[in-house]
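For the single chain, residues carry numbers from 1 onward in sequence order. Just so you know, these numbers come straight off a predicted model, no measurement behind them.
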Amino acid sequence: MELTAQQLAAMIGGEVVGNPDVTVGTFAKIEEGHPGALSFLANPKYTHFIYDTESSVVLVRRDFEPERPVKATLIRVEDPYATIAHILDMVTKMTAVEKRGIEQPSYIAEGVEVPADAYVGAFAYIGAGVRLGAGVKIYPQVFVGDGCVIGDGTVLNPGVKVYAGCEIGARCIIHSGVVVGSDGFGFAPVDGHYEKIPQTGNVVIEDDVEIGANTTVDRAMMGSTRICSGAKLDNLIQIAHNCSVGSNTVMAAQAGVAGSTKIGSGCMVGGQVGFVGHIEIGDGTLIGAQSGVSQSTKPGARIMGAPAVEMGEYARSLVYVKRLPSMAAQLKALEKELKTK
């Protein structure tokens, strides 16, 4: 489907600068632009590409003023990144192939009701007492254990495993390889060996959560491990037993959260961040990549480093770390000078 710049601007509430009749029918990164493509400029470090891009239309901020002529037609919007996401979502929904019905071979326990608009892919397993919401999509090789609840419109991509008794809310997207509800890492030292502590709780994933590929969320020893509404977890994340991740918190890849830690709402967690157990992270906390978080934080904290400290303090200490080689050389020179006296 092709749209003119003017038609597209009308759909997204933008302002056209340039040729309103130029058409776009595909997408491209601004540095890889080609005729007929729509691109966007959100990060200032990519600004230099706008002067040479071959894309026909580029989304820019309303206050963007080019320093020299731009060949592409511009559409000014409040937030180019959010706008391109909205456009991509519209296109995806318009072009998606709607899957429905039950493919064979698959196993659905007796008494489980599959809504008419749901989809169950080949080699899927749905255990006894499972409740499936309207429009659920269960892709091939998914395992849903006994007594699970899967909410309306939720998508379990190929190879997802949901252990017995876990609950997933509405409109969630769970990507391939995710394991929900495996045992928490609970062992008691007894007479020189470890005895397993039964993990009797479950996992509760609330509405509008997205969990990336190969992430694992352990069931609670007692009660529930909880991922709250709107949270977004990247690939390869470990959430241990009895943890909670607050609503609208985002976590980048390879983060790991030890048992019983509570992460607040609206937090942003960088890649490879590690949390010790039994701490509480305040709402709105920002944590830089590769940080080691060993203490609770107040709401709105901005921390990074290992161990994590306030970002300003970390930046100041980094200045001294960079100066260590020259400081060591100066110290050796002083030692040498003292020995000669």
Side-chain angles (χ1 to χ4, degrees), residues 1-100 117-119 133-137 139 151-155 157 169-175 207-212 229-234 247-250 266 268:
M1 183 177 67
E2 288 192 344
L3 294 171
T4 67
Q6 188 62 55
Q7 289 170 328
L8 183 59
M11 291 172 60
I12 59 178
E15 174 192 355
V16 177
V17 179
N19 180 7
D21 298 320
V22 66
T23 59
V24 291
T26 187
F27 301 91
K29 295 189 290 186
I30 192 170
E31 66 270 31
E32 299 174 358
H34 53 83
L38 171 67
S39 298
F40 72 101
L41 175 62
N43 191 324
K45 75 177 184 179
Y46 291 94
T47 299
H48 62 284
F49 288 116
I50 200 168
Y51 302 107
D52 300 311
T53 187
E54 293 296 321
S55 289
S56 297
V57 177
V58 180
L59 304 178
V60 297
R61 294 190 180 277
R62 291 197 186 276
D63 59 358
F64 175 73
E65 293 294 341
E67 297 178 353
R68 59 181 191 270
V70 175
K71 180 167 55 176
T73 292
L74 306 181
I75 298 180
R76 299 185 188 276
V77 294
E78 294 298 328
D79 184 341
Y81 192 70
T83 301
I84 198 73
H86 175 63
I87 295 170
L88 287 168
D89 182 60
M90 287 193 300
V91 171
T92 299
K93 288 177 179 177
M94 286 189 294
T95 58
V97 176
E98 185 73 11
K99 285 184 172 288
R100 291 190 179 191
D117 59 351
Y119 165 70
V136 161
K137 308 299 180 191
Y139 279 84
D152 295 351
T154 283
V155 177
N157 281 291
R171 299 175 302 279
C172 294
I173 301 173
I174 313 297
H175 288 281
D207 298 345
D208 300 303
V209 169
E210 183 161 353
I211 300 180
S229 61
K232 314 297 181 187
L233 308 186
D234 199 356
S247 59
N248 299 310
T249 282
V250 293
M268 299 180 68

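For Y119, the ring-ring contact (aromatic ring centres under 6.0 Å, His included) partners at least two apart in sequence or on another chain are Y139. Shown here are the salt bridge (charged side-chain N to carboxylate O under 4.0 Å, His left out) partners of K232, two or more places apart in sequence or in another chain: there are none. Shown here are the side chain to side chain contact (heavy atoms under 4.5 Å, CB included) partners of T83, two or more places apart in sequence or in another chain: I12, L59, V77, I87. For the side chain to side chain contact (heavy atoms under 4.5 Å, CB included) test, residues two or more places apart in sequence or in another chain that qualify with T47 are L41, P44, Y51, F64. R100 pairs by the side chain to side chain donor-acceptor pair (under 3.5 Å) definition with nothing, not counting sequence neighbours. Judged as a salt bridge (charged side-chain N to carboxylate O under 4.0 Å, His left out), and not counting sequence neighbours, the contacts of D208 are R171. When the side chain to side chain contact (heavy atoms under 4.5 Å, CB included) test is applied to H48, no partner is found at least two apart in sequence or on another chain. Considering only residues two or more places apart in sequence or on other chains, S39 meets the side chain to side chain donor-acceptor pair (under 3.5 Å) condition with S55. Residues satisfying the salt bridge (charged side-chain N to carboxylate O under 4.0 Å, His left out) test with K45, not counting sequence neighbours, are none. Listed by chain and residue number, nothing satisfies the salt bridge (charged side-chain N to carboxylate O under 4.0 Å, His left out) test with R61 (two or more places apart in sequence, or in another chain).
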Would you please test K137 and E98 for side-chain contact (heavy atoms from CB on, under 4.5 Å) and show each step? CA-CA 10 Å; K137 308 299 180 191; E98 185 73 11; 3.0 Å; yes

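The backbone N or O of A170 sits nowhere less than 3.5 Å from a side-chain atom of D152 that would complete a donor-acceptor pair. For the pair N248 (side chain) and A231 (backbone), a donor-acceptor distance under 3.5 Å is absent. Between the T53 side chain and the I30 main chain, a donor and an acceptor come within less than 3.5 Å of each other. The backbone N or O of V22 lies less than 3.5 Å from no partner atom in the side chain of T4, so there is not a single donor-acceptor pair. For the pair E32 (side chain) and K29 (backbone), a donor-acceptor distance under 3.5 Å is absent.
The two atoms that bring R76 and D63 nearest to each other are NH1-C, 4.3 Å, heavy atoms only.
Considering CG of D234 and CD of E210, their distance stands at 9.5 Å, rounded to 0.5 Å. Of the inter-residue distances, the one linking L8 atom CG with T23 atom OG1 reads 11.5 Å to the nearest 0.5 angstrom. Going from atom OH of Y81 over to atom NE2 of H86 covers 15.5 Å, rounded to the nearest 0.5 Å. Distance CD/Q7 to CG/D21: 9.0 Å, rounded to 0.5 Å. To the nearest 0.5 Å, the span separating CZ on R62 from CD on E15 amounts to 7.0 Å. The distance from atom CG of D207 to atom OG1 of T154, rounded to the nearest 0.5 Å, is 7.5 Å.
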Donor-acceptor list for residues 68-75 side chains, cut-off 3.5 Å, not counting sequence neighbours:
unit_1	atom_1	unit_2	atom_2	d
K71	NZ	E54	OE1	3.2
K71	NZ	E54	OE2	2.8
T73	OG1	N19	N	3.1
T73	OG1	N19	O	3.2

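Counting only residues at least two apart or in different chains, salt bridge (charged side-chain N to carboxylate O under 4.0 Å, His left out) contacts with residues 79-90 comprise D89-K93.
More than 12 heavy-atom neighbours from other residues, nucleotides or ligands sit within 6.0 angstrom of CZ on F49.
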